[in-house]
Undergrad: 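This is the structure, below, for whatever I ask next.
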Amino acid sequence: MTATAPTDLHPPRHQPVGVVLNAWFRAEARSLPWRRSGFGAWGILVSEFMLQQTPVNRVIPRLEEWLARWPTPADLAAVPASEAVRAWASLGYPRRALWLHAAAVQITEQHGGVVPHDVDTLLELTGIGDYTARAVAVFAYGHRHPVVDTNTRRVIARAITGQAEPAPPSRTRDLEAMNALLPPDDTEAAVFNAATMELGAVVCTARTPHCDDCPIRNTCAWRAAGYPVYDGPRKTVQKSFAGSDRQVRGLIMAELRSTHRPVTDAEITTLWPDATQRDRALAGLLVDGLAVAAPSGGYLLPD
DNA sequence: CAGGCGTGGAA
DNA sequence: TTTCCAAGCCT
């Protein structure tokens, strides 16, 4: 064996993070439906709606069913919103089903049935915020923009800033931080956005990060600092689900999804013992458009 | 801008 | 058991 060359003793330490992460992503990324070539902008859009606050493994079966039934925005726009809410099943946050249906109508009526390309146009669609607009423009159409989600914020906080957790989200600051890391090439930038999210999802996870398996551990600022504990402001704690208005809303929605007939007040009464909370939950669903009063009495999913 | 909005799996 | 967390958005 020959002696190790000096260059091997001092490998490049500042290879752009994008180059390293993209190579890792191309070798290690999970195979997910929306990453298949030719998946289509509509499929990407539906997947992004479903993935808002809902884990990947729970989304996949609903997504496949959804796209088999409604392969284009016009297909979804042609059915009542109630069908979207039923197909949403128990993914949670059923307002998203309503918003996705509304977006399909907008796309069909205002954009010729084609999912818009531009971030600003996408932002005008119901239920699409800054993350989803950028995700669609980048992952469906290959445009070069920073895409920042909760995974991205955590990866940047650790690998770049050196903190265990990100500070509270700041749109301007977060986008600038990601923009500074974005590779110049459009395709590489899109892959980098996905790779950063993937790293946060499977390696640089919230609770027990797998730092030994991390492709950028050698340049990670958090690791270099000795993994300091987070000392910033705490995230607001969510009220427990049991006994919450959310739980009552969920029970009523499950009942509405279970039938095409009006659900009567008597049936709703059996779902939850506390009348005040029941009334509050039902009123909220009516305001949100997830339930409507049936002409003959009782309540239905919206048309 | 803080709070509300479902559901279920994992630690 | 309880708590945390999961590709956010809207008001």
Side-chain angles (χ1 to χ4, degrees), chain A residues 25 29-30 32-35 39 43-63 85 88-100 102-103 122-140 146-155 164-172 174 178 190 193-202 204-210 230 233-257 277 280-281 283-285 287-291:
Chain A
F25 182 83
R30 294 167 295 175
L32 299 171
W34 45 91
R35 290 178 181 165
F39 194 69
I44 300 284
L45 178 61
V46 174
S47 76
E48 294 298 347
F49 266 84
M50 291 185 171
L51 287 164
Q52 293 167 5
Q53 301 288 280
T54 301
V56 164
N57 289 339
R58 218 176 300 166
V59 162
I60 290 174
R62 294 295 86 73
L63 175 66
V85 174
W88 197 260
S90 59
L91 281 178
Y93 293 146
R95 290 184 295 186
R96 290 180 293 165
L98 228 44
W99 292 338
L100 178 52
L122 286 160
L123 280 171
E124 295 172 9
L125 300 178
T126 309
I128 293 194
D130 199 60
Y131 163 76
T132 302
R134 291 167 176 277
V136 170
V138 170
F139 301 138
V147 181
V148 176
D149 77 333
T150 187
N151 291 303
T152 305
R153 280 190 289 270
R154 185 173 56 251
V155 168
E165 296 178 32
S170 161
R171 180 183 175 285
T172 303
D174 294 341
M178 189 58 173
N193 279 307
T196 305
M197 293 167 60
E198 180 78 355
L199 188 75
V202 303
C204 194
T205 50
R207 272 183 286 198
T208 52
H210 307 102
Y230 179 69
R234 299 301 309 179
K235 280 178 284 222
T236 57
V237 289
Q238 185 174 304
K239 275 186 302 187
S240 73
F241 181 68
S244 67
D245 284 7
R246 289 185 189 186
Q247 183 182 18
V248 184
R249 285 171 58 109
L251 290 170
I252 296 173
M253 286 305 298
E255 190 69 20
L256 290 171
R257 286 196 309 267
Q277 201 174 9
R280 193 167 57 227
L285 293 174
V287 167
D288 289 345
L290 282 165

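Treat the numbers as computed from the prediction; the structure is a model and nothing was measured.
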Undergrad: For K235(A) and dC1(B), what is the distance between atoms NZ and P respectively, to the nearest whole Å?
TA: 18 Å
Undergrad: If you pin L91(A) and T208(A) to their nearest nucleotides in DNA chain B, which one's is more 5'?
TA: L91(A)
Undergrad: Under 3.5 Å, is there an N or O donor on one side and an acceptor on the other linking the side chain of S244(A) and the base of dG6(B)?
TA: no
Undergrad: NA contact type, D288(A), heavy-atom cut-off 4.0 Å: base, sugar-phosphate, or nothing?
TA: nothing
Undergrad: For the P atoms, the ones on dA7(C) and on dA10(B), what distance do you get once it is rounded to whole angstrom?
TA: 15 Å
Undergrad: For A103(A), does its backbone N or O pair with a side-chain atom of W99(A) as donor and acceptor, under 3.5 Å?
TA: no
Undergrad: Within the 4.0 Å heavy-atom criterion, would you say A206(A) contacts the bases, only the backbone, or no part of the nucleic acid?
TA: sugar-phosphate
Undergrad: Please give, in whole Å, the distance from dC1(B) P to R171(A) CZ?
TA: 13 Å
Undergrad: Sticking with atom P, work out how far dG3(B) lies from dC4(C), rounded to a whole angstrom.
TA: 16 Å
Undergrad: Within the structure shown, what part of the strands sits under 4.0 Å from R154(A) by heavy-atom distance: base, sugar-phosphate, or nothing?
TA: sugar-phosphate
Undergrad: Whole angstrom is fine here: how far is it from OH in Y230(A) over to P in dC4(C)?
TA: 14 Å
Undergrad: Which whole-number value in Å describes the distance from Y93(A) OH to dC5(C) C1'?
TA: 11 Å
Undergrad: On a whole-Å scale, what distance lies between the P atoms belonging to dG6(B) and dT11(C)?
TA: 14 Å
Undergrad: On DNA chain C, does the nearest nucleotide to W99(A) precede the nearest nucleotide to M197(A) from the 5' side, or the other way round? Give the residue.
TA: M197(A)
Undergrad: Does some side-chain heavy atom of F49(A) sit less than 4.5 Å from a side-chain heavy atom of I128(A)?
TA: yes
Undergrad: Under the 3.5 Å rule, do the base of dC4(C) and the side chain of R207(A) count as making a donor-acceptor pair?
TA: yes
Undergrad: Between dA7(C), dG4(B), dC5(C), which nucleotide has the shortest distance from any of its atoms to the side chain of Y131(A)?
TA: dA7(C)
Undergrad: Would you find a donor on one side and an acceptor on the other, under 3.5 Å apart, between the side chain of E198(A) and the backbone of A194(A)?
TA: no
Undergrad: Looking at the side chain of S90(A), which of dT7(B), dC5(C), dG6(B) is the nearest nucleotide?
TA: dT7(B)
Undergrad: Would you mind reading off the distance between R96(A) atom CZ and dG6(B) atom C1', rounded to a whole angstrom?
TA: 8 Å
Undergrad: So which nucleotide from dA6(C), dA7(C), dC9(C) ends up closest to the side chain of E48(A)?
TA: dA7(C)
Undergrad: Using whole Å, report how far CD of Q52(A) lies from P of dC10(C).
TA: 8 Å
Undergrad: Under 4.0 angstrom, heavy atoms only, what part of the nucleic acid is F49(A) near: base, sugar-phosphate, or nothing?
TA: nothing
Undergrad: Is V56(A) close to R30(A) at the side-chain level, that is, under 4.5 Å between some pair of heavy atoms?
TA: yes
Undergrad: Would you check if E165(A) and K235(A) make a side-chain contact, meaning some heavy-atom pair closer than 4.5 Å?
TA: yes
Undergrad: I want to verify a distance call: between dA7(C), dG8(C), dT7(B), whose nearest atom is closest to the Q53(A) side chain?
TA: dG8(C)
Undergrad: Could you say whether G129(A) or T205(A) is positioned toward the 5' end of DNA chain C, judged by the nucleotide with the nearest heavy atom to each?
TA: T205(A)
Undergrad: For W88(A), which contact category applies under a 4.0 Å heavy-atom criterion: base, sugar-phosphate, or nothing?
TA: nothing
Undergrad: Select one nucleotide: of dA7(C), dA6(C), dC4(C), the one nearest the side-chain heavy atoms of V237(A).
TA: dC4(C)
Undergrad: For dT3(C), take OP1 and OP2 only and decide whether either is under 4.0 Å from a side-chain N or O of S240(A).
TA: no
Undergrad: Determine the contact category for R62(A): base if any of its heavy atoms lies under 4.0 Å from a base atom, sugar-phosphate if only primed atoms, P, OP1 or OP2 are that close, otherwise nothing.
TA: nothing
Undergrad: Can you tell me the distance, in whole Å, between the CG atom of N193(A) and the P atom of dA7(C)?
TA: 15 Å
Undergrad: Looking at CG of L100(A) and CZ of R95(A), how far apart are the two atoms once the value is rounded to the nearest 0.5 Å?
TA: 15.0 Å
Undergrad: dT7(B), dA7(C), dG8(C): which one has an atom nearest the side-chain heavy atoms of Q238(A)?
TA: dT7(B)
Undergrad: Taking salt bridge (Lys or Arg N to Asp or Glu O under 4.0 Å) as the definition, give me every residue that meets it alongside R154(A), ordered by chain and number, with sequence neighbours left out.
TA: none
Undergrad: NA contact type, R35(A), heavy-atom cut-off 4.0 Å: base, sugar-phosphate, or nothing?
TA: base
Undergrad: What is the distance from CD of E255(A) to P of dG6(B), rounded to the nearest Å?
TA: 16 Å
